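Accompanying notes for the structure given below.
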Amino acid sequence: MNYYKYCSQCGETNTHGYIDGNHRYHCTHCKAIHYQNPKPTATLICPKGDHLLLGRRAFSPGKGEWGLPGGFMELNETLYDAALRELKEETNLEGKVTRILGTCSHYGSIFGDILLIGLQVDIDNWDAMIAGDDVSELKLFSINNLPDLAFDCHTKILSYYLK
Ligand SMILES: [Zn+2]
């Protein structure tokens, strides 16, 4: 994680320590708290009958393993915007978000703390599917014969869908 060394309020040096009920990054001089928050991600369950779409990850973390499509929300987009943008980037598919399945918190990843939000997406036209962005291969797996997934939070979100 990168931290700003100097306080954006007063210019003094920031520190990690206890303030206002928690351990936070803050300035002891002017008491400004420099809040840090988990990054929200849209994590996608795309069913086709009794099959589910998985992508083989082209990069670390989890390189070479199977995972759910998705990625981080950007500024100025909604969760659903992020879901459909990531879907397009990674699979060239388009669709509609039909429901929020549940969430999973992952602490201390190489991206910091992440809040994964599982969304079900119904795909408009599967013929358009092309692997792209940070996915090297896409495949529809029978829900009765799914591989191990790259991340525990993907497995958890999958379990919300299957139950
Ligand atoms: Zn300060």
Side-chain angles (χ1 to χ4, degrees), residues 1-46 52-122 131-136 138 148-163:
M1 288 291 290
N2 292 317
Y3 299 104
Y4 293 108
K5 186 173 182 187
Y6 300 105
C7 177
S8 54
Q9 301 292 321
C10 76
E12 295 293 319
T13 305
N14 287 319
T15 186
H16 290 276
Y18 190 85
I19 185 171
D20 197 19
N22 210 334
H23 191 89
R24 306 171 193 278
Y25 199 53
H26 70 282
C27 171
T28 53
H29 181 73
C30 77
K31 308 291 187 228
I33 298 171
H34 303 288
Y35 286 98
Q36 298 166 286
N37 308 89
K39 292 180 168 67
T41 81
T43 304
L44 310 181
I45 296 279
C46 306
L52 288 182
L53 179 63
L54 299 178
R56 194 188 284 279
R57 301 177 58 83
F59 303 106
S60 288
K63 183 177 177 180
E65 298 180 73
W66 293 98
L68 298 171
F72 293 111
M73 285 180 70
E74 305 269 12
L75 297 180
N76 297 307
E77 69 182 2
T78 68
L79 176 62
Y80 285 22
D81 291 340
L84 299 181
R85 175 184 50 75
E86 289 287 348
L87 177 69
K88 182 75 178 176
E89 287 174 4
E90 295 188 351
T91 72
N92 195 46
L93 295 169
E94 295 174 8
K96 285 173 221 47
V97 176
T98 54
R99 60 180 171 138
I100 295 177
L101 294 160
T103 67
C104 182
S105 291
H106 182 188
Y107 306 104
S109 84
I110 64 167
F111 303 111
D113 288 4
I114 301 174
L115 174 65
L116 294 92
I117 305 165
L119 301 149
Q120 182 176 335
V121 178
D122 285 359
D133 206 29
D134 43 9
V135 170
S136 63
L138 292 166
D148 289 336
L149 300 185
F151 308 111
D152 290 345
C153 272
H154 284 199
T155 303
K156 191 168 176 184
I157 286 168
L158 177 62
S159 76
Y160 300 149
Y161 173 76
L162 295 175
K163 83 180 175 202

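Atoms within each ligand, like the ligands themselves, are counted from 1 in listed order. Keep in mind the model is a prediction, meaning the values are calculated, not measured.
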Working for ring-ring contact (aromatic ring centres under 6.0 Å, His included), residues Tyr25 and His16: CA-CA 4 Å; Tyr25 199 53; His16 290 276; 4.5 Å; yes
Table please: side-chain donor-acceptor pairs of residues 57-70 below 3.5 Å, with sequence neighbours left out.
| from | atom 1 | to | atom 2 | distance (Å) |
| --- | --- | --- | --- | --- |
| Arg57 | NE | Pro61 | O | 2.8 |
| Arg57 | NH2 | Pro61 | O | 3.1 |

Quick one: side chains of residues 155-163, donor-acceptor pairs under 3.5 Å with protein atoms, not counting sequence neighbours, listed by atom name and distance.
| from | atom 1 | to | atom 2 | distance (Å) |
| --- | --- | --- | --- | --- |
| Thr155 | OG1 | Phe151 | O | 3.4 |
| Ser159 | OG | Lys156 | O | 2.5 |
| Tyr160 | OH | Thr103 | O | 2.8 |

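His154 is listed as a side-chain neighbour of Leu116, based on a closest heavy-atom distance under 4.5 Å. Contact annotation: the side chain of Glu94 approaches that of Lys88 to within less than 4.5 Å [non-hydrogen atoms, C-beta and beyond].
Shown here are the protein N/O/S atoms lying under 2.8 Å from the Zn ion (ligand 1), water excluded: Cys7 SG, Cys10 SG, Cys27 SG, Cys30 SG.
With sequence neighbours left out, Tyr6 forms a ring-ring contact (aromatic ring centres under 6.0 Å, His included) with no residue at all.
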